[in-house]
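Predicted model, so just to flag it, every value in this text is computed and none were measured. Values below: every heavy atom of this structure, side chains too, minus hydrogens, waters and symmetry copies.
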Amino acid sequence: MAAARTVGQMLQRRMVSSAAAAPRLSSAAVLAQRSAQFSREQLRQRALQPRVEKVEVQLQGPGLQGTLLVMNRGLSTPYSCARHLSEWHVNSSALALVDGQPWHMHKPLTRSCELTLLTFRDPDPQILNQAYWRSCAALLGLVLESAFKDQFSVELLKIPEVPVTAGAFCCDLLLDPLLDSWKPTEENLRSLTRDALQMISRDLPWEPLEVSASLALEIFSQSRCKQEEVEEAAAQSQNGTVTLYRCGDHVTLSSTPLVSRTGLCSQFEVTSIHTLSENTRGVQRRAQGLSLPINLTAHHTVWRKLRKRAERLVELPSSSTLAPPPNTKAPPTVSVTPPPLP
């Protein structure tokens with residue numbers, strides 16, 4: 001009941017704030033505004049950090065058993081721990097397990113714990129594969145957000161959790177009604193791929209930040225779809241907070257960890273954009289892509305076969321947005337980026 005009341009109050013505030021909202025900002029202005037709010041909250045939380053307390057981090061993994069690090073509570077991250085080990089650990093670690101639970105590489109440690117650093121060379125990469133797949137879909141969304149001219153709105157929907165057997169990762173979106181008749185060409189897909197590869201070449205970190213639902217609603221004040229996603233995530237959260245991720249100037253939402261940085265992607269291609277359905281909000285589309293992480297490459301003949309498969313529409317049940325079981329393997333991932341329209 002309390003959670004329902006909280007969500008209801010958030011919805012009421014959102015409706016009031018939307019009614020009083022200013023005219024729609026340009027895509028660049030929206031991204032800048034979100035990033036600035038993210039930075040302010042990040043600085044505010046860091047300023048609240050009490051005196052430094054130490055935590056003991058017991059390293060797990062090949063060659064690391066028995067390694068104990070003394071780190072700073074609320075400040076040190078798995079990435080900080082990797083820097084105490086070797087350059088290989090810094091460059092190869094994409095995700096962490098803290099006491100067996102997935103943990104972002106840049107998320108501060110809050111207690112003494114056992115820490116495992118995950119790489120794409122691990123014998124059992126299931127958890128990391130799924131995080132990579134999810135991260136490529138998020139990267140695709142970031143590219144889509146800024147791929148069109150400012151007069152065209154782009155609404156990103158909740159990223160579906162796609163199993164590896166689907167053959168492609170996905171990002172669902174609503175485009176401006178003026179683009180209802182737009183059909184993406186091969187050149188459009190190549191342009192989107194180039195945009196994604198530029199972000200990959202910049203090796204940008206995914207910065208996590210846990211915030212209150214009310215602040216997240218404010219950050220996404222220009223996106224009704226994201227506000228609804230915030231309300232859903234907050235209702236499912238034990239403490240009513242949600243986790244945001246920033247990559248460059250882009251801010252997105254994810255209830256499960258992403259990989260540490262964009263530079264972990266290697267082969268990457270946007271393969272298709274399908275029209276799904278039309279409703280009162282507009283035409284819903286599904287952008288799809290294919291990708292492989294660093295150190296894992298496919299011969300061009302194999303890649304062509306994978307790409308052909310990734311072009312086909314990934315059809316998902318209505319429950320597809322829920323996280324898969326822990327033992328679900330994640331596919332090699334791809335990022336989708338539509339090109340700026342003429």
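Open room surrounds CD on Glu87; 12 or fewer heavy atoms of other groups in view lie less than 6.0 Å from it. Heavy atoms of other residues, nucleotides or ligands lying less than 6.0 angstrom from CD of Glu315 number 12 at most. Heavy atoms from other residues, nucleotides or ligands lying under 6.0 Å from CD of Glu56 number 12 at most.
Under the 3.5 Å distance criterion, the side-chain polar atoms of Ser237 are left unmatched by any main-chain donor or acceptor of Ala233. Of the possible donor and acceptor atoms, none in the side chain of His274 sits under 3.5 Å from a partner among the backbone N and O of Leu276. Checking side-chain atoms of Ser92 against main-chain N and O of Trp88 turns up a donor-acceptor pair under 3.5 Å. When atom types are taken as modelled, the side chain of Arg285 and the backbone of Leu175 share no donor-acceptor pair closer than 3.5 angstrom. Formation of a donor-acceptor pair under 3.5 Å by the Gln227 side chain with backbone atoms of Gln222 is not found in this model. Of the possible donor and acceptor atoms, none in the side chain of Asp150 sits under 3.5 Å from a partner among the backbone N and O of Ser26. A donor-acceptor pair under 3.5 Å is absent between the side-chain atoms of Arg83 and the main chain of His89, judged by distance alone.
Under the 4.5 Å side-chain criterion, counting only non-hydrogen atoms from C-beta, Gln130 is not in contact with Thr256. Residues Leu204 and Arg261 have side chains not in contact (no heavy-atom distance under 4.5 Å, counting atoms from C-beta outward).
Here the shortest heavy-atom pairing between Thr297 and Gln267 reads CA-OE1, 3.2 Å.
Criterion: ILVMFWY side-chain heavy atoms under 4.5 Å apart, direct or through other members. Under it, Leu97 and Tyr132 are part of a common hydrophobic cluster. Clustering ILVMFWY residues whenever any of their side-chain heavy atoms sit less than 4.5 angstrom apart, transitively, puts Leu85 in the very cluster that holds Val98. Hydrophobic cluster membership differs between Met71 and Leu75, with clusters built from Ile, Leu, Val, Met, Phe, Trp and Tyr side chains linked at under 4.5 angstrom. Hydrophobic clustering keeps Leu174 apart from Val154 (ILVMFWY residues linked when any side-chain heavy atoms are closer than 4.5 Å, directly or through intermediates). Under the 4.5 Å side-chain heavy-atom criterion for Ile, Leu, Val, Met, Phe, Trp and Tyr, Val242 and Val251 are members of the same hydrophobic cluster.
Atom SG of Cys136 is separated from atom CG of Leu258 by 10.0 Å, given to the nearest 0.5 angstrom.
Gln37 and Glu218 form a side-chain donor-acceptor contact under 3.5 Å, judged by distance and modelled atom types alone. No side-chain donor-acceptor contact under 3.5 Å links Ser112 and Arg73. With no hydrogens or angles considered, no side-chain donor-acceptor pair links Asn188 and Ser191 at under 3.5 Å.
For the pair Arg111 and Asp99, the salt-bridge criterion is met [side-chain N within less than 4.0 Å of a carboxylate O]. A salt bridge does not link Lys107 with Glu207: none of the charged nitrogens is closer than 4.0 Å to a carboxylate oxygen. The pair Arg190-Glu269 fails the salt-bridge criterion, with no side-chain N (NZ, NE, NH1 or NH2) lying under 4.0 Å from an Asp/Glu carboxylate O. Between Arg224 and Glu231 there is no salt bridge, since no side-chain N of the basic residue sits under 4.0 Å from a carboxylate O of the acidic one.
Ring centers of Tyr245 and His104: under 6.0 Å apart, within the cut-off.
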